[in-house]
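The structure appears below as structure tokens.
Each chain gets a letter, A, B and so on, in the order the sequences are listed, and its residues count up from 1.
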Amino acid sequence: MRSLKAGLILPALILLLLAFSVIYPAWGQQAKASSAITANTYDKYLKPCSCYGGTLKLAMPSAVTTLNWWVAGTDWDLIPLEMIYDRPLRIINGSPTWEVATSLEYSEDYKVLTMKIREGIKFHDGVELTAEDVAFTINVLANRSWPYYHGYFTSVDRAEAVDKYTVKIYFKNPDAGFILNALPVMNIMPKHIWEPLLQTYGDQLAKYSPKPEELVGSGPFKFVEHVSGQYVRFVANKDYWMGRPCIDELILVIITDANVAVLAIQNGEVDAFLWGVDPAVAKTLETYPNIKIHARLSESFRHWGLLTTVWPLNISKFRLALSYAVDREVLVNDVLLGYGMVGSPGVVGPFGYCAPWYNPNVEKLVYYDPKKAAQILDEIGFTDKNGDGWRDGPRGEPVVIEIYSPTPGYDPVRARVAELLKEFLANIPGGGIKAEVYYYEWATLWPMIREGKVMTWLLGSGWSADISWLYTRFHCPPGGSSNWAKYCNPEVDKMLEELRSSFNETRRKELAWKIQEILALEAPVVNLYYQAFPTPYRTDKFENWFITPSDTLSNRINMLRLSLKSSLCPTPITTPKPTPTTTPSPTTSAAPTTQPTTSPTPPPTPSSTPSPTPTTSVGGPDYTLAVVAAVLVVVVVAIVLLVLRRR
Amino acid sequence: MKAFLVRRIYTSFITFIVVIAIVFLLARMTGDPLAELANDPRISPATIAALKAAFGLDRPLHEQFVNYVVNLFRGDLGYSLHYKAPVFDIIMQKLPYTLALLIPSITLSNYLAYTIGIEIGWRRGTRLDSVFMSVSMFIRSTPYFWLAIIFLFVFSVQLRLTPIFGAVTPGKSFSLTWDWISDYLWHYILPFFVMTFRGFLSELIYVRNVVVDVLGEDFVTTAVAKGLPEKYVKRKYVARNAMLPIVTVLGMRYAFIIDGAIQTETVFSYPGTGRLVYEAIFNRDFWLLQGAVVILTMSVIVVNFIIDLLYAYLDPRVRYR
């Protein structure tokens, strides 16, 4: 009897536990659904400065074209602008972090988003940043279609400043991706500067170059000057609400030749180069004592696109066989020299924006296995029928896969990958698949890819912070506006639509995982690798580098906490840096978080002006030597001329 | 002379329009300048359409062309698609650096090539000639890029005599003080030297060959046979007759100033119009490219005209009617 009871209790307990484990997450989700959004705070990342001072020089490979943020397109425009402005949220190391916003809350129907913002933030010209500025920025982005980030704001109807520190955003239709896609990229523009400009220029503002005095933001650096093609200079905003940056001055210099940038890094003339250097060069740079390499993974997937509307690529099993035949490890190790990561067959990567959505199971579904590829091809009738060593179609049709790649001069990596793909296909046991590689000028090839005129191609495509980006890449066109493979699967389409409209995080994750599995098995694109760009930086002058897999060297945390090494400090700080009171307290934002902004300014060093002493002390002897060299050259030339005249 | 001028201006104008039309069409054949944006996750198709409208790319081709030409004669070169700013302003930001670098460099290298070229042409077959010729051949066939990097490596990296990049030390704001000027000159010297050195040695071989050609003429033999002093023959017979082709070739170097220094600018990260033109082609920035070509065409026409006038001065046989 007793033993029977005991025998019943155990299964009952297990059942109870099981039931609880099923209900609990759903219940937790229910509780979360209507409440505020959670995000990290800056405290987690910041560090006290060893002292205030120093000039940080970061090199960029290309000129700054425009400082009009609305139409700034390239990284080299966005990086300088990022120094000037703040954003509501910022994605740091793949997760959202509160910046100007302190809380975000959706209404029941997800059609209104209420954003509370921090009090007491000032623009560089002393005007306070209020809800009006945030609402103005959102309204321009939503109502005008020429700003580059308009695409993330198309679901917004309007934004309103309810009071000084509360913004309400009204949506035309609920947009599950809005918070992660739009808010972390939105620089808050001062209304008092841009509204008059917008009234004067209207849509012609897309062609406007702001004057220096109009480049006013609330960010950690104040704009000083931009000398076209040479440098952009900033000074630290000593009244920055989060506590001033440790460095005094920031200069973004332009070095147009990558080899020269490497020399400049080696010589210590710049502290970092923000663009990837050649992997082979990076390997040698790594051996230098004071240089480190940050292999930054780019937020994009480099893939082999397959046009799913032409034979034999319209057969999903055939595409899957191609995916099995590709050895992604070889691509990463031999072509990228290890600066990269093997591509997940489910496209979504395990780092950066995509990390929370990544499905690790897909790598067990599809992997490198040429035998499996051969087996699938045999099953669907693609065997070598005429005995020439190459597989033919089920009815003996010849099979040739055309691989289009940009020219080696434009992108040596892709050109090499194309050759390797050709080899992988040839090496399928029991008869290879014939492939031809075509190199095209990128400007010519790109329209051909978009218009579905090429069979297969090599391309890198970026993703956004929210997983709903899968919609534009894999939904049946025209909904999938950048679905170049023309891949259509009604089941996937339905899931993608739900992914865009559902706010239930568990459901969204479930959908994302399922879609990855389908993409792996149907292979509209064969995802090859995630490319990392080796960016060098020096460690002998500044410390506290904040390095994560996908953040650039110019990330906000570096800009705030990079600090001169104590041995180089002119005068170390006696009083500790006021720990930035950035606890955002999501719900109780009414409490005025007064920032001790101007309290301990550093000792009397004239820090607002760039300290020219180091440059001249280095430059002094160089001038004389250069003059001597010049004089010598002139003398030699003169002697030669004289001698020739004499004769 | 008057008739010549009128005819000349007339043909120049036709040339100008034809060149503009060709460039206008060629630029548009390279494809859609906003195509790259189509794969950018943050860009919506509506944004691409709005940008096209803002820059007038949505209108029919002939309308774009007429607008362009009409605006051109009003002195408006249009807006750069990439820089989102007036083309004229962008070019004017860079042109002073280019002119300051290239005019002295071309002038000095032309002068050296001319004087030394005549001397070694006169001494053809001597050891001096062969030394100069082999050095000249060597430098001429060396990729310029490589040559510039080597100079940079030796002088800037190894000897640390000159800076590695830029036209001024980053952060040194423009001011007409000795501090700024010396800093500018310090950055100037290496690109200037490399350009002059290479320009001089590449033109030297041409000057020398022209001189050698002239030396084979009968009137030179006659002059020497008459017993005229060697210096006199060299100056009045050889140099004077070699002048015409030399002026044409060396003079035209000035016309191509605007796109003349792409490689120097890239290696030394020196701001200038050469790189601007290169980037305009690369980014398919139609308006900027056209603006640069307009200036280039005008300078070619002007320089050509000056050379033609110089002909009459140099060669009394040439008359303009």
- Message: Quick check on the interface: out of B:Ser44, B:Pro41, B:Ala50, B:Pro271, who has the most heavy-atom pairs with chain A under 4.5 Å?
- Response: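 Highest number of heavy-atom pairs under 4.5 Å: B:Pro41.
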Which atoms of [X] come close to chain A, meaning under 4.5 Å heavy atom to heavy atom: side chain ones, backbone ones, both, or neither?
X        : result
B:Ile48  : neither
B:Leu276 : neither
B:Leu152 : side chain
B:Ser80  : neither
B:Phe197 : neither

Non-hydrogen atoms of chain B under 4.5 Å away: do they reach the side chain of [X], the backbone, both or neither?
X        : result
A:Val253 : side chain
A:Val227 : side chain
A:Ala59  : neither
A:Asn259 : side chain
A:Thr472 : neither
A:Ser300 : neither
A:Phe234 : neither
A:Val64  : backbone
A:Leu459 : side chain

- Taking only residues two or more places apart in sequence or in another chain, which ones pass side chain to side chain contact (heavy atoms under 4.5 Å, CB included) with A:Thr256?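 Listed in chain order: A:Ile254, B:Thr266, B:Ser269, B:Arg275.
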- Message: Test side chain to side chain contact (heavy atoms under 4.5 Å, CB included) on B:Arg160 and A:Asn267; report intermediate values, then the result.
- Response: CA-CA 9 Å; B:Arg160 299 209 177 204; A:Asn267 260 22; 3.2 Å; yes
Inter-residue atom distance [X].[atom1] - [Y].[atom2], 0.5 Å rounding:
X        : Y        : atom1 : atom2 : answer
B:Phe145 : A:Asp257 : CZ    : CG    : 4.0 Å
A:Ile251 : B:Thr169 : CD1   : OG1   : 9.5 Å
A:Thr65  : B:His82  : OG1   : NE2   : 5.0 Å

Taking [atom1] in [X] as the centre, count heavy atoms belonging to other residues, nucleotides or ligands within less than 6.0 Å. Is the count above 12?
X        : atom1 : value
B:Phe174 : CZ    : yes
B:Phe88  : CZ    : no
B:Phe193 : CZ    : yes

Counting heavy-atom pairs closer than 4.5 Å to chain B, which one of [options] comes out on top?
options                                : result
A:Pro447, A:Ser228, A:Ser62, A:Pro147  : A:Ser228
A:Arg144, A:Glu441, A:His150, A:Glu269 : A:Glu269
A:Trp469, A:Tyr152, A:Trp446           : A:Trp446
A:Ala182, A:Ala264, A:Ser482           : A:Ala264

- Message: Strictly distance-based, threshold 3.5 Å: is any side-chain N or O of A:Lys207 a donor or acceptor partner for the main-chain N or O of B:Phe55?
- Response: no
- Message: Strictly distance-based, threshold 3.5 Å: is any side-chain N or O of B:Thr47 a donor or acceptor partner for the main-chain N or O of A:Ser145?
- Response: yes
- Query: Passes side chain to side chain contact (heavy atoms under 4.5 Å, CB included), A:Tyr231 versus B:Val168? Steps please.
  - Reply: CA-CA 10 Å; A:Tyr231 64 87; B:Val168 288; 4.2 Å; yes
- Item | Considering all heavy atoms, the nearest A:Glu225-B:Lys172 contact | OE2-C, 4.5 Å
- Query: How close do B:Lys84 and A:Ala206 get, heavy atom to heavy atom, and via which atoms?
  - Reply: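 Scanning both residues completely, I find the closest heavy atoms to be CG-O, 3.2 Å.
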- Query: Does some side-chain heavy atom of A:Trp146 sit less than 4.5 Å from a side-chain heavy atom of B:Leu51?
  - Reply: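 They are in contact (side-chain heavy atoms under 4.5 Å apart), so the answer is yes.
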- State, yes or no, whether a side-chain contact exists between B:Ile149 and A:Val260 at a heavy-atom distance under 4.5 Å.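 They are in contact (side-chain heavy atoms under 4.5 Å apart), so the answer is yes.
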For residues 31-40 of chain B, which side-chain N or O atoms pair as donor and acceptor with protein atoms under 3.5 Å away, sequence neighbours left out?
from	atom 1	to	atom 2	distance (Å)
B:Asp32	OD1	B:Leu34	N	2.9
B:Asp32	OD2	B:Lys52	NZ	3.2
B:Glu36	OE1	A:Trp442	NE1	3.4
B:Glu36	OE2	A:Trp442	NE1	3.1
B:Asn39	OD1	A:Arg473	NH1	2.6
B:Asn39	OD1	A:Trp484	NE1	2.8
B:Asn39	ND2	A:Gly460	O	3.3
B:Asn39	ND2	A:Ser461	OG	3.0
B:Asp40	OD1	B:Arg42	N	3.2
B:Asp40	OD1	B:Arg42	NE	3.1
B:Asp40	OD2	B:Arg42	NE	3.1
B:Asp40	OD2	B:Arg42	NH2	3.0

- Compute whether any side-chain donor of one residue and acceptor of the other, for A:Gln230 and B:Tyr97, lie under 3.5 angstrom apart.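 Result is yes, a qualifying pair exists.
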